[in-house]
Amino acid sequence: MLALEHVSFRYPQHTVLTDVSFVLQPGEFVAFGGRNGSGKTTVTRLLMGLETPASGRVLFGGKDVTNVPAGRRSHYLGYVFQQPERQMFRPTVYEEVAFGPERQGIGGSLLRERVEAALAACRLTHLRDQYPQALARNEKQRVAIASAIAMETHYLILDEPTSGQDGGDRDMLIAILEELRTKGIGILFVTHDMDIIAAHCQRAIVLGGGQIVFDGTPERLFTAEPELEDWGLARPLSVELGLQLPGRPYCPQMRDFTKYMLEGVQTE
């Protein structure tokens with residue numbers, strides 16, 4: 001498991017987080033939401049070791065890793081930045097994905113197997129010889145994910161990965177993450193995309209005022225929490241429409257709303 005335990009973080013003139021605790025389990029697909037400035041990115045940086053809490057602990061596998069440097073945490077935590085090109089510096093996609101395992105002392109056929117498998121999992125095999133900085137944003141994100149897979153990461157943290165993407169690119173990314181989740185990799189998905197939270201995430205954590213204000217299922221978040229707007233969130237259209245139907249079914253996607261609507265028509 002990966003966890004924050006009673007973590008607080010502050011800058012000299014500003015407190016960002018106060019007594020934040022949560023646990024991420026292997027194979028969970030968890031959305032992380034809240035208004036801009038609520039501390040979401042700070043939490044991801046604390047998990048990765050890019051910041052150090054003022055108090056509290058970061059745990060991995062039950063061990064205190066609060067003071068373990070980011071380079072060592074990258075052996076089990078993968079991080080995809082909002083601008084993934086910032087973490088790329090090698091001349092080809094293949095070499096970029098191979099960098100982490102090489103630093104672990106892996107070479108030869110094992111290195112090739114890891115890199116080839118990571119490229120295939122992220123739909124990048126055809127781009128193996130391309131210059132990473134010249135790729136489209138969604139392709140750069142997949143390179144960053146492949147780099148983490150090649151390191152045999154336990155958890156993957158993504159910061160607003162679908163912003164600015166079209167539907168096809170978004171669907172491909174989600175499909176890749178779903179496959180990784182089924183293999184036991186935990187996903188922490190920082191997002192403002194309510195449709196993704198409703199349709200794909202098993203759990204949602206919401207930050208507000210530097211604290212966790214919600215931790216539960218997307219269904220409970222979108223159907224039973226009156227403070228959505230106060231937290232900078234909104235119900236997806238499919239959920240809103242579903243709540244207007246008899247019985248108020250939860251409809252995480254438009255196809256669910258259509259199904260319930262047609263069933264209602266057929267019974268009339």
Side-chain angles (χ1 to χ4, degrees), residues 2 24-34 40-41 43-44 47 77-85 87 93 97 117-127 132 135-151 153-206 215-222 233-242 250-259:
L2 176 66
L24 303 177
Q25 299 292 347
E28 272 195 303
F29 196 151
V30 180
F32 204 53
K40 301 186 300 296
T41 296
V43 166
T44 66
L47 289 169
L77 301 179
Y79 191 14
V80 181
F81 290 84
Q82 282 186 275
Q83 292 82 33
E85 61 272 8
Q87 57 198 110
V93 168
V97 175
L119 292 174
C122 294
R123 286 52 157 184
L124 290 168
T125 301
H126 65 296
L127 297 174
L135 299 178
R137 181 169 180 262
N138 69 298
E139 294 168 336
K140 292 174 183 175
Q141 287 176 328
R142 300 200 320 265
V143 172
I145 294 170
S147 298
I149 295 173
M151 294 274 284
T153 191
H154 294 254
Y155 291 89
L156 190 60
I157 301 169
L158 302 98
D159 195 356
E160 296 288 356
T162 59
S163 62
Q165 292 196 17
D166 63 27
D169 291 338
R170 187 183 73 167
D171 291 346
M172 179 186 291
L173 175 64
I174 294 299
I176 291 169
L177 296 179
E178 291 276 16
E179 291 172 9
L180 295 178
R181 183 189 66 76
T182 63
K183 296 176 182 177
I185 296 176
I187 310 292
L188 184 63
F189 196 90
V190 179
T191 184
H192 285 95
D193 193 321
M194 301 297 105
D195 292 316
I196 288 178
I197 296 176
H200 299 285
C201 296
Q202 301 163 299
R203 178 179 163 206
I205 299 173
V206 181
D215 186 348
T217 65
E219 179 174 358
R220 183 162 69 86
L221 174 65
F222 292 127
L233 309 180
R235 287 191 185 94
L237 179 60
S238 61
V239 175
E240 193 69 58
L241 291 172
Y250 177 62
C251 299
Q253 300 185 69
M254 286 305 298
R255 66 188 182 196
D256 300 299
F257 168 72
T258 302
K259 172 189 171 184

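Predicted, not measured: the structure shown is a model, and the values here were computed from it.
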Before giving the answer on side-chain contact (heavy atoms from CB on, under 4.5 Å), spell out for Leu177 and Leu158 the whole-Å C-alpha distance, their side-chain angles and the decisive distance to 0.1 Å. CA-CA 10 Å; Leu177 296 179; Leu158 302 98; 4.1 Å; yes
I'd like to check the side chain to side chain contact (heavy atoms under 4.5 Å, CB included) partners of Pro132; sequence neighbours left out, ordered by chain and number. Met88, Val93, Glu96
Atom OG1 of Thr162 and atom CD of Gln141: how far apart are they, to the nearest 0.5 Å? 8.0 Å
Mind checking what makes ring pair (Phe, Tyr, Trp, His ring centres under 6.0 Å) contact with Tyr79, not counting sequence neighbours? Phe81
CG/Leu77 to OG1/Thr44 distance, rounded to the nearest 0.5 angstrom? 11.0 Å
Report the residues that fulfil side chain to side chain donor-acceptor pair (under 3.5 Å) with Asp169, sequence neighbours left out, ordered by chain and then residue number. Asn138
What are the two closest non-hydrogen atoms of Gly78 and Thr153, and how far apart are they? N-OG1, 3.1 Å
List the atom of Arg137, the atom of Pro161, and the distance in Å for their closest heavy-atom pair. NH1-O, 3.7 Å
Interatomic distance, Ile145 atom CD1 to Ile187 atom CD1 [nearest 0.5 angstrom]: 7.5 Å
Tell me, with the steps shown, if Val43 and Ile205 meet side-chain contact (heavy atoms from CB on, under 4.5 Å). CA-CA 12 Å; Val43 166; Ile205 299 173; over 6 Å; no
Taken to the nearest 0.5 Å, the spacing of Leu2 CG from Leu47 CG works out to 5.0 Å
Can you sort out the partners of Arg255 under side chain to side chain contact (heavy atoms under 4.5 Å, CB included), two or more places apart, ordered by chain and number? Gln253
Contact check, side chains of Glu178 and Ile174, non-hydrogen atoms, under 4.5 Å: yes
Considering residues at least two apart in sequence or located in another chain, which fulfil the salt bridge (charged side-chain N to carboxylate O under 4.0 Å, His left out) criterion with Asp159? none
The ring pair (Phe, Tyr, Trp, His ring centres under 6.0 Å) partners of His154 (sequence neighbours excluded) come to Phe60
Flag, side chain of Lys40 to backbone of Phe32, donor-acceptor distance under 3.5 Å: no
If every non-hydrogen atom of Ala146 is compared with every non-hydrogen atom of Cys122, which pair is closest and at what distance? N-SG, 3.6 Å
Could you work out, with side chain to side chain donor-acceptor pair (under 3.5 Å) as the rule, every residue matching Glu179, not counting sequence neighbours? Arg123
Non-neighbouring partners of Phe189 that pass ring pair (Phe, Tyr, Trp, His ring centres under 6.0 Å), sequence neighbours left out: Phe29
With a 4.5 Å limit on heavy-atom distance, are the side chains of Glu160 and Thr41 in contact? no
Side chain to side chain contact (heavy atoms under 4.5 Å, CB included) involving Asp171 - partner list, sequence neighbours excluded: none
With sequence neighbours excluded, tell me which residues meet ring pair (Phe, Tyr, Trp, His ring centres under 6.0 Å) with Phe222. none
Stepwise side-chain contact (heavy atoms from CB on, under 4.5 Å) check, Glu139 with Val143: CA-CA 6 Å; Glu139 294 168 336; Val143 172; 5.6 Å; no
Listed by chain and number, what are the side chain to side chain donor-acceptor pair (under 3.5 Å) partners of Arg235, not counting sequence neighbours? none
Main-chain N/O of Phe257 paired with Ser238 side-chain donor or acceptor, under 3.5 Å: no
By side chain to side chain contact (heavy atoms under 4.5 Å, CB included) - contacts of Ala150 (at least two apart): Val97, Pro101, Ala118
